[in-house]
There are 2 protein chains.
Amino acid sequence: MPYLRLRRRASLRSMHSVDATDARILRALAVDPRRTVVALAQELGLSRNTVQARLARLEQHAFLPFDRRINPASLGYPLLAFITVHVQQRQLAEITEEIARIPEVLEGHGLTGTADLLLRVVAVDAEDLFRIHGKILAIEGVDRTDTALAMGELIPFRMDPLLERGPRTPN
Amino acid sequence: MPYLRLRRRASLRSMHSVDATDARILRALAVDPRRTVVALAQELGLSRNTVQARLARLEQHAFLPFDRRINPASLGYPLLAFITVHVQQRQLAEITEEIARIPEVLEGHGLTGTADLLLRVVAVDAEDLFRIHGKILAIEGVDRTDTALAMGELIPFRMDPLLERGPRTPN
DNA sequence: CTGAAATTGAGCACAATGCCCTATCTGAGG
DNA sequence: CCTCAGATAGGGCATTGTGCTCAATTTCAG
């Protein structure tokens with residue numbers, strides 16, 4: 001029985017990574033997300049087929065859900081806060097589940113170090129934030145919380161410096 | 001000279017907010033960002049004109065840059081860390097500028113409370129993160145930093161709970 | 001050198017877009 | 001209750017983009 005031969009050349013389709021060409025596509029999209037495939041191809045000097053294939057792959061492996069492009073402020077939640085939560089470690093799963101029931105919690109990360117959880121929370125106003133904070137603190141197993149209001153996006157979210165550098169090139 | 005009359009009805013175009021219909025459009029887009037205008041119109045029971053007009057408005061006022069949909073992991077930066085930075089307040093501007101030069105810093109917020117800055121940082125590996133941490137700590141005016149590695153996205157980013165509830169409806 | 005993977009160019013039916021226009025509906029202000 | 005700006009609907013039309021296929025060519029790790 002013949003054994004399967006190793007792939008001669010690593011298929012980009014199997015390794016979910018992004019090469020320099022993908023990075024160029026991403027940078028172009030960052031400028032204007034509505035650029036058509038045709039426009040991208042022309043702009044980057046690639047064939048439409050190539051761009052289309054790469055975009056399809058990117059959509060599957062490199063794109064996060066669309067949610068992230070929605071501005072909470074335009075939904076009526078202009079306040080942003082980061083809440084760190086200290087919990088009884090062994091109840092972490094249940095606590096996370098409870099916290100996830102709070103709509104204003106947009107994102108939650110488990111952390112190393114002193115804190116256990118870092119939550120990204122939005123609110124309508126200060127009073128609203130206070131209410132949300134209370135809901136979190138009231139959860140069984142939550143020991144302590146620490147709320148920090150974001151006063152300004154000093155460094156607005158960006159990915160361009162990494163795209164510019166090209167993928168996977170440390171130091 | 002005739003004075004300008006006040007607008008009779010607040011134009012959605014001037015108030016950058018999102019109404020319930022917009023929220024429905026956003027939710028549909030969240031399911032599949034590639035939905036066409038025609039498909040959206042049919043699905044929501046609206047005319048193509050309406051959807052097209054609303055989308056154009058949303059694109060201007062409610063959508064954040066495309067960057068946010070790019071997964072840093074697929075660019076070769078699988079590590080995510082949150083670094084809180086304590087600084088000499090009066091040098092905040094210069095320090096922010098210095099930090100902004102570090103490509104791996106994706107996002108930086110000025111905070112109330114004990115810490116001054118919260119940075120979202122990605123890295124290739126632990127060693128890489130250590131290096132980045134060192135760069136930040138070396139900046140003139142930075143007093144102390146506190147690095148917390150994100151071990152898991154316990155609550156993945158989401159906006160749906162807020163969209164579902166409809167805009168601006170606290171408690 | 002070899003061959004799988006990637007890219008290219010070309011073609012084609014179909015769908016979507018970007019506009020345009022007019023008619024109707026809606027609701028806050030007077 | 002009336003008015004009117006703004007929103008929606010529906011129709012049309014030229015242009016463009018998409019999704020898909022196929023065969024030829026290029027690229028590059030083994």
Side-chain angles (χ1 to χ4, degrees), chain A residues 2-29 31-63 66 69 74-76 166-169, chain B residues 2-29 31-63 66 69 74-76 166-169:
Chain A
Y3 58 90
L4 287 177
R5 307 192 55 175
L6 288 179
R7 299 262 167 74
R8 294 286 183 98
R9 185 178 170 190
S11 165
L12 285 179
R13 212 158 286 143
S14 54
M15 44 187 295
H16 303 182
S17 74
V18 164
D19 65 9
T21 305
D22 284 336
R24 292 178 62 213
I25 295 179
L26 292 176
R27 294 189 71 192
L29 277 181
V31 175
D32 173 17
R34 300 183 42 118
R35 265 192 176 77
T36 65
V37 175
V38 184
L40 282 172
Q42 184 173 358
E43 185 176 334
L44 304 181
L46 301 171
S47 80
R48 181 166 81 89
N49 263 336
T50 302
V51 175
Q52 206 152 352
R54 282 176 176 269
L55 264 185
R57 192 156 39 79
L58 287 170
E59 186 79 41
Q60 285 197 355
H61 302 302
F63 285 175
F66 176 79
R69 285 201 56 206
S74 67
L75 259 61
R168 280 192 165 279
T169 317
Chain B
Y3 58 89
L4 286 179
R5 307 192 55 173
L6 288 180
R7 297 264 165 74
R8 293 286 183 97
R9 185 179 170 190
S11 164
L12 284 179
R13 214 158 284 141
S14 54
M15 44 187 296
H16 303 182
S17 74
V18 164
D19 65 9
T21 305
D22 284 336
R24 292 178 61 215
I25 295 180
L26 291 177
R27 293 189 71 193
L29 276 182
V31 174
D32 174 17
R34 299 183 43 119
R35 263 191 179 77
T36 66
V37 175
V38 182
L40 281 172
Q42 183 174 358
E43 184 175 336
L44 303 181
L46 300 170
S47 79
R48 181 167 79 91
N49 264 334
T50 303
V51 175
Q52 207 152 353
R54 282 176 176 270
L55 264 186
R57 192 155 40 77
L58 286 170
E59 184 79 42
Q60 286 199 352
H61 302 303
F63 285 174
F66 176 79
R69 286 202 57 206
S74 67
L75 259 60
R168 282 196 162 274
T169 318

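Here is the naming used below: chain letters follow the sequence lines, and residue numbers restart at 1 for every chain.
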> Residues from residues 38-48 of chain B sitting under 4.0 Å of DNA chain C, heavy atoms only?
Replying inline: B/V38, B/R48

> Which is it for A/L75 and B/L26 under the side-chain contact (heavy atoms from CB on, under 4.5 Å) test, yes or no, and what are the steps along the way?
Replying inline: CA-CA 11 Å; A/L75 259 61; B/L26 291 177; 4.2 Å; yes

>> Going by the rule side chain to side chain donor-acceptor pair (under 3.5 Å), which residues pair with A/S47 if we only count those two or more places apart in sequence or in a different chain?
In response: A/T50

> Who passes salt bridge (charged side-chain N to carboxylate O under 4.0 Å, His left out) against A/R24, sequence neighbours left out?
Replying inline: none

>> What's the closest nucleotide to the side chain of B/V37 if the choices are C/dT17, C/dT7, D/dC20?
In response: C/dT17

>> Nearest heavy atom decides the nucleotide; on that basis, is A/R34 or A/V51 closer to the 5' end of DNA chain C?
In response: A/V51

> Of all the choices, D/dC22, D/dT8, C/dT7, which nucleotide is nearest to the side chain of B/R54 once you look at every atom?
Replying inline: D/dT8

> Between D/dG19, C/dA16, C/dT8, which nucleotide gets closest to the side-chain atoms of A/Q52?
Replying inline: D/dG19

>> For A/D19 and A/D22: C-alpha separation, side-chain torsions, deciding distance, then whether side-chain contact (heavy atoms from CB on, under 4.5 Å) applies.
In response: CA-CA 5 Å; A/D19 65 9; A/D22 284 336; 3.3 Å; yes

> Over how many whole Å does the gap from B/L55 atom CG to D/dT8 atom C1' extend?
Replying inline: 15 Å

>> The criterion is salt bridge (charged side-chain N to carboxylate O under 4.0 Å, His left out); which residues satisfy it with A/R48, sequence neighbours excluded?
In response: none

> End-to-end bend of the helix from C/dC1-D/dG30 to C/dG30-D/dC1 (five-pair axes, 10° rounding)?
Replying inline: 60°

> A/D19 has an atom CG; how far is it from atom P of C/dA5, in whole Å?
Replying inline: 16 Å

> Could you give the distance from CD (A/Q60) to CG (A/L58), rounded to the nearest 0.5 Å?
Replying inline: 10.0 Å

> Is the closest side-chain heavy-atom distance between B/L55 and B/L29 below 4.5 Å?
Replying inline: yes

>> Looking at B/T50, I'd like to know whether one of its side-chain N or O atoms comes within less than 4.0 Å of OP1 or OP2 on D/dA9.
In response: yes

>> In whole Å, I'd like the distance from the CG atom of A/N49 to the P atom of D/dT18.
In response: 12 Å

> What residues form a side chain to side chain donor-acceptor pair (under 3.5 Å) with A/E43, not counting sequence neighbours?
Replying inline: A/R35

> Within this structure, what is the CZ-to-P distance between B/R35 and D/dT18, rounded to whole angstrom?
Replying inline: 18 Å

> Excluding sequence neighbours, so at least two apart, what forms side chain to side chain donor-acceptor pair (under 3.5 Å) with B/E59?
Replying inline: A/R69

